[in-house]
Amino acid sequence: MGYEGPLEQIDANSWRIPKSYKSGMRVDGVIFADDAMMKKLRHDQAPDQVANVATLPGIQRASFAMPDIHWGYGFCIGGVCATDPDDGGVISPGGVGYDINCGVRLIRSHLTEKKLGKRLRPLVDALFEAIPTGVGRGSRFRFSEKEIDQLLAKGPGYLVRDRGIGCERDLLFTEANGCLEGARPDFVSQRAKQRGASQCGSLGSGNHFAEVQVVDHVFDEKVAATLGLFQGQVCVMIHSGSRGLGYQVCDDTLRVFRDIPAKYGIDLPDRQLACAPIVSEEGERYLGAMRAAANYAWGNRHLLMHQVREVFEEQFDRTWEDLGMDLVYDIAHNIAKFEEHDVAPGTKRRVCVHRKGATRAFPPGHPELPDEYQSVGQPVMIPGDMGTASYVLVGAPGSMERTFGTTCHGAGRQMSRTASVKAARGRNIAKELAGRGVIARAHSRKGLEEEQPDAYKDVSMVVEVVARAGLSNKVARMRPIGVIKG
DNA sequence: ATGTCC
């Protein structure tokens, strides 16, 4: 079952689904992809999901999808949708995803691959021992009921200021400073908090990882230098989200939202697009809980970084400050937040930008960027597969004009999890990775099989499209040398 | 993604 509707080529990198395609579409759909990607997309349901999102009340300009588009719950992964609260705009949990504020952070260091040498193996082993990974795993950090409310309200700011973990600079180099205003811990269920209380500081499973990487190629020396990156440098990339807490918030909300569209007279082409007006009791309850889960996720990645720093300190017998292990940046790629954007030429509005498997990519000069990055734009980390590469980009002016300041978020799967496991029969993925120069540690053999390099599209093709489309510019390619997973 | 079914 593929997509049989119209796809009009706008230019080399983007395609339009006209709003005449489906009744109820309020705006066009726009998909960023090259010719080869578009051919494959015809066999996917995801373009129909882009069209469905275009029917949501209050949607502005267009329903967008990034080149790593694939099918998801209600909204496609790689989807971007901005709604205006003053135009009847809605908030939809499906437009955020189950893993609220899943995201990526990159930590740099003074170390080089050359200097690391034989110390890589014990380093990866120590990371695997220190950092909890896998489904349902808890961490060594504990939060009482009062403390979890603090964490949900303040995010990593609570960890830095009240618990002395990490430093103020860590907050400055996190999207939204790691704290969304208007978080409502009191709108998060007891069950969600219980799951979250023991899991903060754990990695999780699936595509989540912590990776030791080497800067393999620099595309833009000047920008790389501003981000503190250089050829041959050792970095650590962390990909994780809000664990069981965010999942539970999404699950709790979807239960409540089943009958809400009808209550407000909202007609939907797919029940999974369940939503509520931003200006409604139900909308405000989800927004408050979602923001709290987002703050939790930033706290989680902050604690993961803290544990990485501890391991490096022990392995190299120097402080993390001495090792130069500063946070380059932390970005969310599953979130909805209010931002100022042009909804028409010269008309600025505060809109609710849903990014589901899509990354904010603010250009140089944006007021939300830290001073150090004003001249280069916001760093964007794009994880690829664990055997090939990840990318660092920076936001470009085209993102504001075209996609509400957004770019892609990853390679995107090309094989289902079951197909990946089947394809791994009789093979040893860890051994194959070792042959490619990557030390991989995971609790589950099946987990590694699901995440094998073949399961993913070529991340470099995805990055090429967003670069050519002017959404974000390439800075550096990162090659994995050690990875820990669930 | 997720104590992959309270």
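Every chain is numbered from 1 and lettered A, B, ... according to where its sequence line falls, protein lines coming before strand lines.
Nucleic acid contact for A:R417: sugar-phosphate only, since backbone atoms but no base atoms lie under 4.0 Å from a heavy atom of the residue. A:Q199 comes within 4.0 angstrom of the backbone, heavy atoms only, and of no base.
A cation-pi arrangement is present between A:R184 and A:F187, with the terminal nitrogen or guanidinium carbon under 6.0 Å from the aromatic centre and inside a 45° cone about the axis. In this structure, A:R61 is positioned above the aromatic face of A:F404, its NZ or CZ under 6.0 Å from the six-membered ring centre and within 45° of the axis.
Between A:Y373 and A:F173, the two ring planes are perpendicular [angle over 60°; tilted spans 30° to 60°].
Straight-line distance from the CD atom of A:Q194 to the C1' atom of B:dC6: 13 Å, rounded to whole Å. When the C1' atom of B:dT2 is taken as reference, atom OH of A:Y296 falls 13 Å away, rounded to whole Å. In this structure, the CD1 atom of A:I77 is 14 Å from the P atom of B:dT2, given to the nearest Å. Note: CD (A:Q248) to C1' (B:dT2) measures 9 Å, nearest angstrom. Straight-line distance from the NE2 atom of A:H208 to the P atom of B:dT2: 5 Å, rounded to whole Å.
A heavy atom lying under 4.0 Å from DNA chain B marks none of the residues of residues 250-259 of chain A.
Ion pair A:R140/A:E310 flagged as a salt bridge, since at least one NZ, NE, NH1 or NH2 atom sits closer than 4.0 Å to an Asp/Glu carboxylate oxygen.
In this view, A:D149 and A:K193 satisfy the side-chain hydrogen bond (donor to acceptor under 3.5 Å, both in side chains) rule, not counting sequence neighbours.
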Below 3.5 Å, can you tabulate the donor-acceptor pairs from side chains in residues 78-85 of chain A to any protein atom, sequence neighbours excluded?
| residue | atom | partner | partner atom | Å |
| --- | --- | --- | --- | --- |
| A:T83 | OG1 | A:V90 | O | 2.9 |
| A:D84 | OD1 | A:D86 | N | 2.9 |
| A:D84 | OD2 | A:R349 | NH1 | 2.5 |

